[in-house]
Student: 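Sharing a structure with you now.
Side chains included, hydrogens not; waters and symmetry mates left out as well; all remaining heavy atoms used.
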Amino acid sequence: MRRGIIASKNLIRNFRALLRVGLIFAFIYFGIWVLKLPQWFIDKDLLTIVDESVVKIEGNSITPQYKIIDLIKQTELPHTQIFRLDTRELEKNIAQLQPIKKVYVRRYWFPGRLNILVEERTPVFLIAPNLETEPISAITEDGVFIDREYMPIPPEFNATKILTYGLAGDDYEQWDKKRVDEILKLIKTIEAYSKQDVKYVDLRNPKDVYVQIGDIMLRLGEINESIYNRVKWIATILPEAQSKYGTKIKYIDLRWEDARYIKLDNNKKHVEGNTKRDFTEDENFIDETLEETIDED
């Protein structure tokens with residue numbers, strides 16, 4: 001009887017060991033079968049045509065979608081499970097586009113698909129040779145040049161128009177963050193003193209800079225170390241000048257630290273966003289009740 005009991009125990013023990021081995025092999029087979037399911041892989045045919053069920057692009061307000069699609073098509077992605085897919089090359093390629101600051105590629109399982117999230121730079125300046133011409137390029141807050149193929153910039157960015165020819169010595173394509181910060185600081189200072197938005201900055205003549213705020217033109221002259229001492233007078237001059245002379249003001253002259261002038265144009269009609277800058281130079285200044293000197297044409 002003892003022998004029978006011992007034999008039965010050995011049989012049960014052997015069966016359990018065999019069952020464990022069988023289950024291990026079954027789990028391995030099942031795991032291999034699961035990993036080979038097509039849902040783990042991105043369909044190359046759908047990837048070639050950038051089907052939305054496989055690739056989704058988000059965050060591209062400035063960058064045309066076709067440019068990102070072209071780079072996706074040019075990037076060779078390895079045929080492997082989505083969780084093993086290395087997307088660094090794809091991210092690097094897309095990040096080369098001018099407006100794009102960062103790229104994030106999220107991978108989703110079952111079915112395998114990619115979600116491409118792009119973070120774009122913020123345009124702060126729109127470059128144009130004159131007011132009648134649409135912007136031909138843009139400059140971002142970190143000093144990156146965006147060329148014509150990305151125009152027009154969506155209005156939601158609220159970028160300031162800069163009139164410039166990009167002459168030698170001040171080529172806007174070569175502006176860095178320091179140059180951008182200098183112009184931005186000037187614009188924000190003028191807006192703070194005037195309590196009005198700057199419509200555009202005219203840099204076509206670097207030694208004679210004009211700035212349009214609302215219906216009033218400011219003549220700043222050269223942008224140098226005295227510029228902030230000169231523009232602070234806007235807060236004093238602008239309210240009284242507007243109440244007394246209204247739309248007759250041709251421009252407020254802030255070229256000098258020790259003298260400020262208001263140039264009037266009696267023939268000037270009120271036009272929203274007056275665009276003319278071909279002013280005549282008449283230096284016959286006469287005294288008026290304002291603290292500043294008034295020049296009437």
Student: Look up atom OH in Y251 and atom CD1 in I262, then write down how far apart they are to the nearest 0.5 Å.
Tutor: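 Here the rounded value is 12.0 Å.
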Student: If you round to the nearest 0.5 Å, how far is OH of Y172 from CZ of F125?
Tutor: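 Between F125 CZ and Y172 OH, I get 14.5 Å after rounding to 0.5 Å.
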Student: How about I57 and I69: do any of their side-chain heavy atoms sit closer than 4.5 Å?
Tutor: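 Touching, per the 4.5 Å side-chain cut-off.
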Student: With distance as the sole test, does R113 use its side chain to make a donor-acceptor pair with the main-chain N or O of P111 at under 3.5 Å?
Tutor: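 Flag set: sc R113 to bb P111 pair under 3.5 Å.
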Student: Please name the pair of heavy atoms, one in V231 and one in Y193, separated by the smallest distance, quoted to 0.1 Å.
Tutor: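 Scanning both residues completely, I find the closest heavy atoms to be O-CD1, 3.7 Å.
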Student: Taking side chain as C-beta onward, heavy atoms only, is Y200 less than 4.5 Å from L126?
Tutor: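 Not touching, per the 4.5 Å side-chain cut-off.
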Student: Could you check L238 against K195 for side-chain contact (heavy atoms from CB on, under 4.5 Å), going step by step and ending with a plain yes or no?
Tutor: CA-CA 10 Å; L238 188 60; K195 296 182 173 55; over 6 Å; no
Student: Give, for atom OH of Y228 and atom OG1 of T189, the distance between the pair rounded to the nearest 0.5 Å.
Tutor: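 Going from OH on Y228 over to OG1 on T189, the span is 5.0 Å.
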Student: For side-chain contact (heavy atoms from CB on, under 4.5 Å), just list the numbers for L131 and K161, CA-CA rounded to whole Å, side-chain angles, deciding distance to a tenth of an Å, and then say yes or no.
Tutor: CA-CA 9 Å; L131 279 176; K161 198 167 189 178; 4.3 Å; yes
Student: Apply side-chain contact (heavy atoms from CB on, under 4.5 Å) to the pair L114 and L77, showing each step before the final yes or no.
Tutor: CA-CA 12 Å; L114 300 176; L77 294 176; 4.0 Å; yes
Student: Provide the closest heavy-atom pair for G143 versus V180 in the form atom of the first, atom of the second, distance.
Tutor: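 Nearest heavy atoms, G143 then V180: CA-CG2, 3.9 Å.
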Student: About how many Å separate NZ of K199 and CD1 of I187, when rounded to the nearest 0.5 Å?
Tutor: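 If we round to the nearest 0.5 Å, I187:CD1 and K199:NZ are 14.5 Å apart.
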Student: Would you say the side-chain atoms of E89 pair up with the backbone N or O of T75, donor to acceptor, closer than 3.5 Å?
Tutor: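 Judged by distance alone, no pair lies under 3.5 Å.
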Student: A side-chain contact here means heavy atoms from C-beta on lying under 4.5 Å apart; do E91 and V105 qualify?
Tutor: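 Yes - at least one pair of side-chain heavy atoms lies under 4.5 Å apart.
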Student: Contact between I227 and R230 at the side-chain level, heavy atoms closer than 4.5 Å - yes or no?
Tutor: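 Contact flag for I227/R230 side chains = yes.
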Student: Treat each ILVMFWY residue as a node, draw an edge where side-chain heavy atoms are under 4.5 Å apart, and state whether L117 and I62 are in one component.
Tutor: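 In one cluster with L117: I62, no.
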Student: Nearest 0.5 Å, please: how far is CD in E120 from CD1 in I100?
Tutor: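 Nearest 0.5 Å value for the CD1-CD distance: 6.0 Å.
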Student: Can you give me the closest heavy-atom contact between L85 and P78, atom names plus distance?
Tutor: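 Of all heavy-atom pairs spanning L85 and P78, the closest is CD1-O, 3.4 Å.
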Student: Is it true that a side-chain atom of R255 and a backbone atom of R219 form a donor plus acceptor pair closer than 3.5 Å?
Tutor: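 The answer is no, because no donor-acceptor pair under 3.5 Å joins these two groups.
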Student: Quick check: are there more than 12 heavy atoms from other residues, nucleotides or ligands sitting under 6.0 Å from CD of E149?
Tutor: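 Above 12, so yes.
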Student: Which one of R179, K178, K185, K177 satisfies the side chain to side chain donor-acceptor pair (under 3.5 Å) criterion with D181?
Tutor: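 That would be K177.
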Student: Please give me the minimum heavy-atom distance between A235 and P239, naming the atom from each residue.
Tutor: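 Reported closest heavy-atom pair: O-CD, 3.3 Å.
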Student: Would the distance check show the side chain of Q98 and the main-chain N or O of D147 forming a donor-acceptor pair, the cut-off being under 3.5 Å?
Tutor: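 Indeed, once roles are kept as given, a pair shorter than 3.5 Å links the two residues.
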Student: Measure the shortest side-chain to side-chain distance between R107 and F83 over non-hydrogen atoms and say whether it is less than 4.5 angstrom.
Tutor: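 Side-chain contact under 4.5 Å: no.
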Student: Should L23 and F15 be regarded as members of a common hydrophobic cluster, given that ILVMFWY residues are connected when their side-chain heavy atoms come within less than 4.5 Å of each other, either directly or indirectly?
Tutor: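 The answer is yes; both residues are in one hydrophobic cluster.
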Student: Nearest heavy-atom pair of A128 and T133: which atoms, and what distance?
Tutor: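 Closest heavy-atom pair between A128 and T133: CB-O, 3.8 Å.
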Student: Counting only heavy atoms not in E76, do more than 12 fall under 6.0 Å of its CD?
Tutor: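 No, the 6.0 Å shell around CD holds no more than 12 heavy atoms from other groups.
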Student: Side chains of L264 and I249, heavy atoms from C-beta outward: is any pair under 4.5 Å?
Tutor: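 L264 reaches I249 side chain to side chain.
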Student: For L218, which of I190, V201, I237 qualifies under side chain to side chain contact (heavy atoms under 4.5 Å, CB included)?
Tutor: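 For L218, the side chain to side chain contact (heavy atoms under 4.5 Å, CB included) check succeeds only for I190.
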Student: Report, as yes or no, whether the 6.0 Å neighbourhood of atom CD on E173 holds more than 12 heavy atoms from other residues, nucleotides or ligands.
Tutor: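 Enclosed: over 12 neighbouring heavy atoms sit under 6.0 Å from CD of E173.
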Student: Transitively linked via ILVMFWY side-chain contacts under 4.5 Å: V124 with V144?
Tutor: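 No, no single cluster joins them.
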Student: Do K56's NZ or CZ and the ring of Y108 fall within the cation-pi criteria of under 6.0 Å and 45°?
Tutor: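 No cation-pi geometry.
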Student: Please round to the nearest 0.5 Å and tell me the distance separating atom CD1 of I139 and atom OG1 of T122.
Tutor: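 OG1 of T122 is found 13.5 Å from CD1 of I139.
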Student: Would I72 and I116 count as a side-chain contact (heavy atoms from CB on, under 4.5 Å) if you check the C-alpha gap in whole Å, the side-chain angles of each, and the deciding distance to 0.1 Å?
Tutor: CA-CA 10 Å; I72 294 172; I116 299 176; 3.4 Å; yes
Student: Counting distance only, does the side-chain N/O of E191 pair as donor-acceptor with the main-chain N or O of V198 below 3.5 Å?
Tutor: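 A pair under 3.5 Å: yes.
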Student: Which is it for S226 and N229 under the side-chain hydrogen bond (donor to acceptor under 3.5 Å, both in side chains) test, yes or no, and what are the steps along the way?
Tutor: CA-CA 5 Å; S226 68; N229 290 330; over 6 Å; no
Student: Looking at side-chain heavy atoms only, is the closest gap between L71 and L97 below 4.5 Å?
Tutor: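 Yes. Closest side-chain heavy atoms under 4.5 Å.
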Student: So which heavy atom on F157 is nearest to which on P123, and how close?
Tutor: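 So the two residues come closest at CD2-CD, 3.4 Å.
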Student: Would you call L18 and N14 a side-chain contact if the rule is heavy atoms closer than 4.5 Å?
Tutor: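 No; the side chains remain at least 4.5 Å from each other.
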